[in-house]
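One structure below.
If you're wondering where the values come from, they're calculated on a predicted model, not measured in any experiment.
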Amino acid sequence: MKQALLAAGFGTTVPHAAQELAALEAALADAAPGWTMARAYTSGMVRRILAGRGQPVDSVAGALSRLKAAGVEEVFVQPTHFLCGVEYDKLKAEAGAMASGFARLRVGRPLLDGTAAVRQLAGILAGLYPAQEGQAVVLMGHGTTAGANLVYPAMQAVFDLAGRPDIRVGTVEGWPTLAEVCGQLAVRPGVSRVKLAPLMLAAGDHVLNDMAGDGPDSWKNVLAAEGYQVECVLHGLAAEQAVRQMYADRLCEELVD
């Protein structure tokens, strides 16, 4: 049976962020020897921009149509999303509509789908950003209107229970907000420096603009206006080998189910 692995995520129009996603896809391909590798982006906006640059990327339906035409009989769709949010629901619906064209089609789980995964990623992040006197670490996540937004306060609870209250989690479009993060920092005595880092897979538009941009509302400038010396980390989590391995291990588990 001809098998294919389809890595599907929101996508990015930022070249170095695309390289980070490609590194993750390579790790997934290594974890599934013998499976043909394919890619899909769920964001129509991202696909349109890339197509205008002469860099087309398939939608989930487009990628599955290509695989079917190539004679693939079994497909495993591996989401690169963090959460069971809106984009993941869209991915499942689009893949499910194409399932009848294959002998077997499965959709994997997002990375942070339960307590163990949240604790594991929090442990990786705590290792990447060890505690330093006078410094706080602020992690900027995307956030979602879906119930999966609970992952962010859950991860904050993991840091607090692990004795790392210097690490604060916020979101651009969910909860906790930057205002709440600033309030938490204000009650921590002796903090004069903030390391600002993405809680996102790739350092795309949100990282370059919402987090580290030059506008007055960027997280960097809001924190600087609060009196902190701010250092920005300008790479996403896919650049970290431990995070890529976490995705690869998840895929290995799911392929044998």
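At least one side-chain heavy atom of M200 sits less than 4.5 Å from a side-chain heavy atom of V172. Taking the side chain as every heavy atom from C-beta outward, L28 and Q78 approach each other to under 4.5 Å. In this structure the side chain of L185 never reaches within 4.5 angstrom of the side chain of E226, judged on heavy atoms. Considering only heavy atoms from C-beta on, F76 stays 4.5 Å or farther from V107 through its side chain. At least one side-chain heavy atom of E94 sits less than 4.5 Å from a side-chain heavy atom of S59. With a 4.5 Å cut-off on side-chain heavy atoms, C232 and K220 count as touching. Contact annotation: the side chain of E173 never approaches that of T145 to less than 4.5 Å [non-hydrogen atoms, C-beta and beyond]. The shortest side-chain heavy-atom distance between K68 and V75 does not fall under the 4.5 Å cut-off.
Legend: residues meeting side chain to side chain contact (heavy atoms under 4.5 Å, CB included) with Q135, ordered by chain and number and at least two apart, are Q132, V137, R193, K195. By the side-chain hydrogen bond (donor to acceptor under 3.5 Å, both in side chains) test, R244 is found to be paired with no residue, residues two or more places apart in sequence or in another chain being considered. Under the salt bridge (charged side-chain N to carboxylate O under 4.0 Å, His left out) criterion, K90 pairs with E87, sequence neighbours left out.
Follow the hydrophobic side-chain contacts under 4.5 Å out from V169 and you reach L83 in the same cluster. L105 is connected to V60 through a chain of hydrophobic side-chain contacts under 4.5 Å among Ile, Leu, Val, Met, Phe, Trp and Tyr, so both are in one cluster. If you chain together hydrophobic residues whose side chains sit under 4.5 Å apart, L208 and V194 never meet in one group. Connection of V158 to V151 is established within a shared hydrophobic cluster, with ILVMFWY side chains joined at heavy-atom distances below 4.5 Å, either directly or through further cluster members. Cluster membership check: V207 does not share its hydrophobic cluster with I167, using side-chain heavy-atom separations under 4.5 Å among Ile, Leu, Val, Met, Phe, Trp and Tyr.
Counting only distance, with no hydrogens or angles, the side chain of D217 and the backbone of V222 share no donor-acceptor pair below 3.5 Å. Between the H16 side chain and the A203 main chain, a donor and an acceptor come within less than 3.5 Å of each other. Side-chain atoms of S65 come within 3.5 Å of backbone atoms of A61 as a donor-acceptor pair (strictly under, hydrogens ignored). At least one donor-acceptor pair under 3.5 Å links the side chain of R164 to the backbone N or O of A126. Formation of a donor-acceptor pair under 3.5 Å by the N149 side chain with backbone atoms of G143 is not found in this model. Here the side chain of E240 pairs no donor or acceptor atom with the backbone of I124 at under 3.5 angstrom.
When all heavy atoms of A186 and Y228 are compared, the pair lying nearest together is N-OH, 3.8 Å.
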Would you be so kind as to tabulate the donor-acceptor pairs closer than 3.5 Å made by side chains of residues 2-12, with sequence neighbours excluded?
residue: K2; atom: NZ; partner: A70; partner atom: O; Å: 2.9
residue: Q3; atom: NE2; partner: E74; partner atom: OE1; Å: 3.0
residue: T12; atom: OG1; partner: V14; partner atom: N; Å: 3.1

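More than 12 heavy atoms of other residues, nucleotides or ligands sit less than 6.0 Å from atom CZ of R106. Heavy-atom neighbours of Q229 CD from other residues, nucleotides or ligands within 6.0 Å: at or below the threshold of 12. Around CZ of R66, the count of heavy atoms belonging to other residues, nucleotides or ligands within 6.0 Å does not exceed 12.
Distance CG/L150 to SG/C84: 11.5 Å, rounded to 0.5 Å. The distance from the CG atom of L237 to the CE atom of M246 is 10.0 Å, given to the nearest 0.5 Å. In this structure, W219 CH2 and L139 CG are separated by 9.0 Å, a value rounded to the nearest 0.5 Å. Residue M211 holds its CE atom at 11.5 Å from CG of N221, rounded to the nearest 0.5 Å. Atom OG1 of residue T171 and atom CD of residue E180 lie 8.5 Å apart, to the nearest 0.5 angstrom. Going from atom CG of L112 over to atom CE of M155 covers 5.0 Å, rounded to the nearest 0.5 Å.
Classification of R47 and D58 as a salt-bridged pair fails, no side-chain N sitting under 4.0 Å from a carboxylate O. Look at R39 and E25 and you find a salt bridge, because one of the NZ, NE, NH1 or NH2 atoms lies within 4.0 Å of a carboxylate O, short of that distance. Taking a cutoff of 4.0 Å between a charged side-chain nitrogen and a carboxylate oxygen, D160 and R168 qualify as a salt bridge. The pair D166-R188 fails the salt-bridge criterion, with no side-chain N (NZ, NE, NH1 or NH2) lying under 4.0 Å from an Asp/Glu carboxylate O.
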For this session: Could you go through the side-chain contact (heavy atoms from CB on, under 4.5 Å) check for L201 and L21 one step at a time?
Result: CA-CA 8 Å; L201 198 58; L21 295 178; 3.7 Å; yes
For this session: Could you go through the side-chain contact (heavy atoms from CB on, under 4.5 Å) check for T13 and R53 one step at a time?
Result: CA-CA 10 Å; T13 62; R53 297 177 184 172; 3.9 Å; yes
Problem set entry | Step-by-step side-chain contact (heavy atoms from CB on, under 4.5 Å) determination, D210 to S218 | CA-CA 5 Å; D210 295 305; S218 76; over 6 Å; no
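Identified under the ring-ring contact (aromatic ring centres under 6.0 Å, His included) test for residues 185-214, with sequence neighbours left out: H142-H206. Within the structure, no pair that satisfies the ring-ring contact (aromatic ring centres under 6.0 Å, His included) test touches residues 151-185, not counting sequence neighbours.
Classification of the Y247-F82 ring pair by plane angle, with boundaries at 30° and 60°, yields parallel.
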